[in-house]
Amino acid sequence: MPVVKKYSWCVIIIILICPSLKGWCQSVESGPLSPVLSRDSATKPPEDTVYKRPSFVISQIFISGNIKTKPYIIQRELPFKTGDSVYLPDLVKGFRRARELLINTRLFNDVIVALKSFHGNEVDVTIEVRERWYIFPIPYFKPVDRNLQAWADNNYALSRVNYGLKFSHNNFTGRNDKLRLWLITGYTKQVQLNYDQPYADKSLKHGFGLGIFYSALK
């Protein structure tokens with residue numbers, strides 16, 4: 001019986017203490033941690049804050065390796081120009097794009113676009129190109145008969161052959177202009193001249209093409 005009374009008193013004490021413990025726990029949760037949350041919210045930057053990146057001005061563009069091609073034809077293809085203000089990551093992207101555009105002109109075998117030097121917030125850009133071979137003279141020789149057997153039936157007569165030269169220049173004046181010249185004689189006489197100039201005006205946006213063709217049977 002004394003033991004039962006002892007445990008009864010313990011149960012009563014716990015029941016009386018529990019509400020106060022619960023209130024104490026709530027005060028700890030709401031009290032001491034709230035200043036920490038307020039400090040975090042105070043130090044967190046606003047979501048609309050924009051961090052400015054340093055920009056650079058393109059001072060000069062140096063071009064090398066162009067023996068035939070005019071420098072302004074190369075500059076025309078660049079996505080940037082002198083005086084532009086750009087961020088450095090955007091400039092690096094512009095280098096890759098510039099190389100793609102220059103290769104697509106079919107004037108160069110290889111192109112290197114890179115930074116040359118820094119001067120404070122100014123940068124110099126270097127462009128190095130390796131030009132293709134533009135001149136292609138091709139000998140022309142072709143029997144006019146429908147096949148070799150028919151030509152053999154005519155004793156392989158040179159009078160039944162067209163022969164001559166086909167000449168092409170893919171960068172005639174250094175402005176990515178193309179010249180085609182055919183000089184054919186023999187059974188059929190042919191003279192053909194084609195010229196294509198894509199950048200004829202100062203803005204380098206408009207061009208023209210012309211062609212002359214003459215043919216006569218023997």
Student: Does the Asp177 side chain pair with the main chain of Asp196, one donor and one acceptor, at a distance under 3.5 Å?
Tutor: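 Checked: no pair found.
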Student: Heavy atoms, side chains only, cut-off 4.5 Å: are Thr173 and Gln197 in contact?
Tutor: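 A side-chain contact exists here, since the closest heavy-atom pair is under 4.5 Å.
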Student: I want to check something: taking the side chain as every heavy atom from C-beta on, are Leu107 and Asn170 in contact at a cut-off of under 4.5 Å?
Tutor: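 With C-beta onward as the side chain, the pair stays apart.
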Student: I need the minimum non-hydrogen distance between Asp124 and Ser59, along with the two atoms involved.
Tutor: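 Looking at all heavy atoms of both residues, the shortest contact is OD1-CB, 3.3 Å.
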Student: Got more than 12 heavy atoms from elsewhere within 6.0 Å of CZ, Phe62?
Tutor: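 Atom CZ in Phe62 is crowded, with more than 12 foreign heavy atoms closer than 6.0 Å.
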Student: Before you tell me yes or no, could you show the steps for Phe80 and Val86 under side chain to side chain contact (heavy atoms under 4.5 Å, CB included), namely the whole-Å CA-CA distance, both residues' side-chain angles and the distance that decides it to 0.1 Å?
Tutor: CA-CA 9 Å; Phe80 50 81; Val86 296; 5.5 Å; no
Student: Are Arg132 and Asp110 close enough for a salt bridge, meaning some N to O gap below 4.0 Å?
Tutor: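 No salt bridge links Arg132 with Asp110.
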Student: Between Ile184 and Tyr163, is any pair of side-chain heavy atoms under 4.5 Å apart?
Tutor: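 No - every pair of side-chain heavy atoms lies 4.5 Å or more apart.
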Student: Minimum heavy-atom separation for Ser215 to Thr188, with atom names?
Tutor: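 The pair with the smallest heavy-atom distance is OG-CG2, 3.7 Å.
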Student: So Thr105 and Ile103, side chain to side chain contact (heavy atoms under 4.5 Å, CB included) or not? Walk me through it.
Tutor: CA-CA 5 Å; Thr105 62; Ile103 290 293; over 6 Å; no
Student: Quick check against the 3.5 Å criterion: does Asp145 have a side-chain atom that pairs as donor or acceptor with the backbone of Asn147?
Tutor: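 No: the side chain of Asp145 does not pair with the backbone of Asn147.
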Student: Starting at CG of Leu204, measure out to CD of Gln75 and round the result to the nearest 0.5 Å.
Tutor: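 It is 10.0 Å, given to the nearest 0.5 Å.
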Student: Please examine the side chains of Leu165 and Pro137, heavy atoms only from C-beta on, and report whether any two atoms are closer than 4.5 Å.
Tutor: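 Counting from C-beta outward, Pro137 and Leu165 do come under 4.5 Å.
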Student: Find out if a path of hydrophobic residues (ILVMFWY) with successive side-chain heavy-atom gaps under 4.5 Å connects Leu101 to Val113.
Tutor: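 Per the 4.5 Å side-chain linkage, Leu101 and Val113 are not co-clustered.
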Student: Closer than 3.5 angstrom, by distance alone: can the side chain of Arg160 be matched with the main-chain N or O of Asn154 as a donor-acceptor pair?
Tutor: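 Between the backbone of Asn154 and the side chain of Arg160 there is no qualifying donor-acceptor contact (under 3.5 Å).
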Student: Check for a donor-acceptor pair, side chain of Asp84 on one end and backbone N or O of Lys81 on the other, with a separation under 3.5 Å.
Tutor: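 Looks like yes, one N/O pair under 3.5 Å.
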Student: Nearest 0.5 Å, what's the CG-NE2 distance between Asp201 and His206?
Tutor: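 Spacing of CG (Asp201) from NE2 (His206) equals 6.0 Å.
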Student: Looking at OG1 of Thr82 and CD1 of Ile58, how far apart are the two atoms once the value is rounded to the nearest 0.5 Å?
Tutor: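 If we round to the nearest 0.5 Å, Thr82:OG1 and Ile58:CD1 are 8.0 Å apart.
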Student: Begin from the C-alpha positions of Phe118 and Phe56 and carry the test ring pair (Phe, Tyr, Trp, His ring centres under 6.0 Å) through to its verdict.
Tutor: CA-CA 9 Å; Phe118 284 89; Phe56 296 89; 5.7 Å; yes
Student: Return yes if some donor-acceptor pair links the side-chain N/O of Asn66 with the main-chain N/O of Lys70 below 3.5 Å, else return no.
Tutor: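 Between the backbone of Lys70 and the side chain of Asn66 there is no qualifying donor-acceptor contact (under 3.5 Å).
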Student: Do the rings of Trp182 and Tyr140 sit parallel, tilted or perpendicular, given the 30° and 60° boundaries?
Tutor: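 Geometry flag for Tyr140 against Trp182: parallel rings.
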Student: Are Tyr156 and Val144 co-members of a hydrophobic cluster defined by side-chain heavy atoms under 4.5 Å apart?
Tutor: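 No; Tyr156 is not reachable from Val144 via cluster members.
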Student: Are Phe213 and Asn194 side-chain neighbours, meaning at least one heavy-atom pair lies under 4.5 Å?
Tutor: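 The answer is no; the side chains never approach within 4.5 Å.
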Student: Determine yes or no for a side-chain-to-main-chain donor-acceptor pair under 3.5 angstrom, with Glu131 supplying the side chain and Thr69 the backbone.
Tutor: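 Yes, Glu131 side chain to Thr69 backbone: donor-acceptor pair under 3.5 Å.
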Student: Start with the C-alpha gap between Val123 and Leu91, add the side-chain angles, then the distance that decides, and say whether side chain to side chain contact (heavy atoms under 4.5 Å, CB included) holds.
Tutor: CA-CA 10 Å; Val123 295; Leu91 185 59; 4.1 Å; yes
Student: In the hydrophobic cluster built from side-chain contacts under 4.5 Å, what are the other members alongside Phe172?
Tutor: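 Grouped by the 4.5 Å side-chain rule, Trp133, Ile135, Phe136, Phe167, Leu179, Leu181, Leu183, Val191, Leu193, Tyr195, Phe208, Leu210, Ile212, Tyr214 form the rest of the cluster around Phe172.
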Student: Do Tyr72 and Ile63 belong together in a cluster built from hydrophobic side chains that touch within less than 4.5 Å?
Tutor: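 Same cluster.
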Student: Please determine whether the number of non-hydrogen atoms from other residues, nucleotides or ligands lying under 6.0 Å from atom NZ of Lys166 exceeds 12.
Tutor: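 For Lys166, atom NZ is crowded (more than 12 foreign heavy atoms under 6.0 Å).
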Student: Can you check whether Gln192 reaches Arg180 side chain to side chain, under 4.5 Å on heavy atoms?
Tutor: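 Heavy-atom side-chain distance check fails, nothing below 4.5 Å.
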Student: Can you see which heavy atom on Ser85 is nearest to which on Ser55, and at what distance?
Tutor: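 Here Ser85 and Ser55 meet closest at OG-OG, 3.5 Å.
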Student: Got Leu88 and Leu115 here, is their nearest side-chain heavy-atom distance under 4.5 Å?
Tutor: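 Yes. Closest side-chain heavy atoms under 4.5 Å.
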Student: Can you measure from CG (Leu102) to CD (Glu77) and round to the nearest 0.5 angstrom?
Tutor: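 Rounded to the nearest 0.5 Å, the CG-CD separation comes to 6.0 Å.
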Student: Are Tyr199 and Ile73 side-chain neighbours, meaning at least one heavy-atom pair lies under 4.5 Å?
Tutor: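 Yes, at least one pair of side-chain atoms sits under 4.5 Å.
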Student: With rounding to the nearest 0.5 Å, note down the distance linking NZ in Lys178 to CG in Asn171.
Tutor: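 Those atoms lie 8.0 Å apart.
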Student: Can you name the closest pair of heavy atoms from Ala98 and Leu78 and give their distance?
Tutor: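 So the minimum-distance heavy-atom pair works out to CB-CD2, 3.8 Å.
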Student: Short question: side chain of Trp151, backbone of Ala157 - any donor-acceptor pair under 3.5 Å?
Tutor: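 The answer is yes, because a donor-acceptor pair under 3.5 Å joins these two groups.
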Student: Checking Glu100 against Asn104 for the side chain to side chain donor-acceptor pair (under 3.5 Å) test, could you report, in this order, the C-alpha distance in whole Å, the side-chain angles of both residues, the deciding distance, and whether it holds?
Tutor: CA-CA 6 Å; Glu100 293 174 359; Asn104 288 341; over 6 Å; no
Student: Say you draw a straight line from NZ of Lys116 to NE2 of His119; how long is it, rounded to the nearest 0.5 Å?
Tutor: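 One finds 8.5 Å between NZ of Lys116 and NE2 of His119.
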